[in-house]
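Indexing begins at 1, ligand by ligand and atom by atom, following the structure's order. None of the values given here were measured: they were computed from a predicted structure.
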Amino acid sequence: MPGDPARESVAMDYREHAINRDWSAEDKIDLFRQMLRIRRFEQEAMKYYQGGRIGGWLPLDIGQESIAISVRSVMGMDDHSLSGFRGIGHALAAGIGMGPIMAELFGKLNGVSKGKGGAVSHYSPALHHWGAYGLAAAHTPLAAGLAFALKQREIRGAVVCFMGDGSVNQGVYHEALNLAGLFGLPVVYLIENNGYAMGMSVSRSSRFKECLARRAEGYDIDWDHFGGSDPYEIRARVSDALQRARLESRPTVVEIETYRFYGFHIADANHQKYRTRQEVQERRARDPLGLWRKHLLDDGILDEAAAGDLDLQAKEEAMEAVRFAGAGEVPSISDIVRDVYWESDHDTEASRIGRHFFGE
Ligand SMILES: Cc1ncc(C[n+]2csc(CCOP(=O)(O)OP(=O)(O)O)c2C)c(N)n1
Ligand SMILES: [Mg+2]
């Protein structure tokens, strides 16, 4: 079942997979456009973080964009997603606008979570994206719950639970896997293995044989493992897992090898100590976004001028998002406590007497 995670180019073999055979040139260009949007958005956000306009965390997906976008491109109307700590790219891929995401980073009321969530809380039930979760693996049982609801309601959808390699040693992930296996839940646990959780390398934190996904065998769950550079391959192998979920209600653990070009978040200057300069340079030289661009040019699907235009558009959209964020209001004290607990926002007996949770 495992593939070759070391493969680092766009290969021919997955082009003939059913999901790719009739994939149109426009959609291939769109994949490039969407990857560029993440990259330019995050580069713009990084400027404002460094300039002090954005506080807290800023985990960037730069280097990992191929995964969020390729996976989204094979998700259907009844599929759902959630993500872990590194979730900006997934939110953009799900279709949440750059403006509300940037405003959220700025902590403004016009942000997607009204300024309360910052970098780690972009969600849109309408787009079936149930947000990013800052606590490692905290969302893995939620994904099982969503999948359970789909199964109960006999909806032929699947849940993609994006997670980092740092989530795999949390106990709650194993509880979720056990339930997913036991109940036959339509969920794909998708580990984006970028080699590190904060400054801790996978090889120092995990006992494993060849890969992390293989642990799924302990729960009688199918698994897959491959590299994240080739959108044809990601689409093919993830869509197989999604079909298994939708049609047979069987879960899968998919591990995709990738690399983050920056630190675990922008203020992690230390990443130059736990990773060698050479390692980072080597991975940057194999940038999946650059590889996809080259593939489109080589195949005559795109020319340099059109690629440049798309890049410019992505940059302008990101700058417009900053203007949108800048124009937003700062939440008031009462805005900050609104939408946190249903009980305190509504006129209930508990809210009248001020004993929401611990009363008789
Ligand atoms: C339960 C828990 N412990 C510790 C942390 C602190 N923390 C924040 S990000 C992070 C690393 C996450 O690594 P990984 O899951 O590999 O995701 P990546 O940042 O590589 O995308 C940790 C340990 C946390 N958020 N939750
Ligand atoms: Mg990681």
To which protein heavy atom is [atom] closest, and what is the distance rounded to 0.1 Å?
{"atom": "atom 17 (O) of ligand 1", "result": "Gly164 CA, 3.7 Å"}
{"atom": "atom 20 (O) of ligand 1", "result": "Asn194 ND2, 2.8 Å"}
{"atom": "atom 23 (C) of ligand 1", "result": "Met198 SD, 3.5 Å"}
{"atom": "atom 25 (N) of ligand 1", "result": "Gly134 O, 2.8 Å"}
{"atom": "atom 26 (N) of ligand 1", "result": "Ala136 N, 3.0 Å"}
{"atom": "atom 15 (O) of ligand 1", "result": "Gly166 N, 2.9 Å"}

Which N, O or S atom of Asp165 lies nearest to the Mg ion (ligand 2), by name =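 Relative to the Mg ion (ligand 2), the closest nitrogen, oxygen or sulfur of Asp165 carries the name OD1.
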Could you confirm whether Tyr196 has any N/O/S atom lying under 2.8 Å from the Mg ion (ligand 2)?
->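 An N, O or S atom of Tyr196 is closer than 2.8 Å to the Mg ion (ligand 2), so yes.
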Can an N, O or S atom be found in Glu192 less than 2.8 Å away from the Mg ion (ligand 2)?
->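 No, outside the cut-off.
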Can you say whether the rings of Phe85 and Phe264 are parallel (under 30°), tilted (30 to 60°) or perpendicular (over 60°)?
->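 Geometry flag for Phe264 against Phe85: parallel rings.
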Are any of the protein's heavy atoms under 4.0 angstrom from atom 5 (C) of ligand 1, yes or no?
->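 No, there is none.
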Do protein heavy atoms approach atom 1 (C) of ligand 1 to less than 4.0 Å?
->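 True for atom 1 (C) of ligand 1.
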I'd like to know if the side chain of [X] reaches the main chain of [Y], judged simply by a donor and an acceptor atom lying under 3.5 Å from each other, with no hydrogens or angles considered.
{"X": "Trp292", "Y": "Lys28", "value": "yes"}
{"X": "Glu329", "Y": "Lys108", "value": "no"}
{"X": "Asn194", "Y": "Arg260", "value": "no"}

Is Arg215 close enough and on-axis enough to Trp223, meaning under 6.0 Å and within 45°, for cation-pi?
->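 That pair does not qualify as a cation-pi contact.
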Tyr196 six-ring face occupied by Arg86 cation (under 6.0 Å, within 45°) =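 Cation-pi check for Arg86 and Tyr196: fails.
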Close-contact set for ligand 1 against [X] heavy atoms, below 4.0 Å:
{"X": "Arg86", "result": "18 (P), 19 (O), 21 (O)"}
{"X": "Gln170", "result": "1 (C)"}
{"X": "Ala197", "result": "11 (C), 13 (O), 16 (O)"}
{"X": "Ser167", "result": "15 (O)"}
{"X": "Phe85", "result": "9 (S), 19 (O)"}
{"X": "Tyr196", "result": "16 (O), 20 (O)"}

Residue that, paired with Arg246, satisfies salt bridge (charged side-chain N to carboxylate O under 4.0 Å, His left out) out of Asp78, Asp240, Asp79 |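 Of the listed residues Asp78, Asp240, Asp79, the salt bridge (charged side-chain N to carboxylate O under 4.0 Å, His left out) partner of Arg246 is Asp79.
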CA sep, side-chain torsions, deciding dist, call: His129, Ser124, side chain to side chain donor-acceptor pair (under 3.5 Å) = CA-CA 5 Å; His129 183 59; Ser124 168; over 6 Å; no
Please assess Ser206 against Asp165 for the test side chain to side chain donor-acceptor pair (under 3.5 Å), listing each intermediate value before the final yes or no.
-> CA-CA 9 Å; Ser206 280; Asp165 45 277; over 6 Å; no
Applying side-chain contact (heavy atoms from CB on, under 4.5 Å) between Arg275 and each of Gln272, Glu279, Gln278, Arg277, report the one that passes.
->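 Output: one option passes, namely Glu279.
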Using the benzene-type ring in the case of Trp, are the ring centres of His128 and Tyr123 under 6.0 Å apart?
->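 They do not qualify: ring centres at least 6.0 Å apart.
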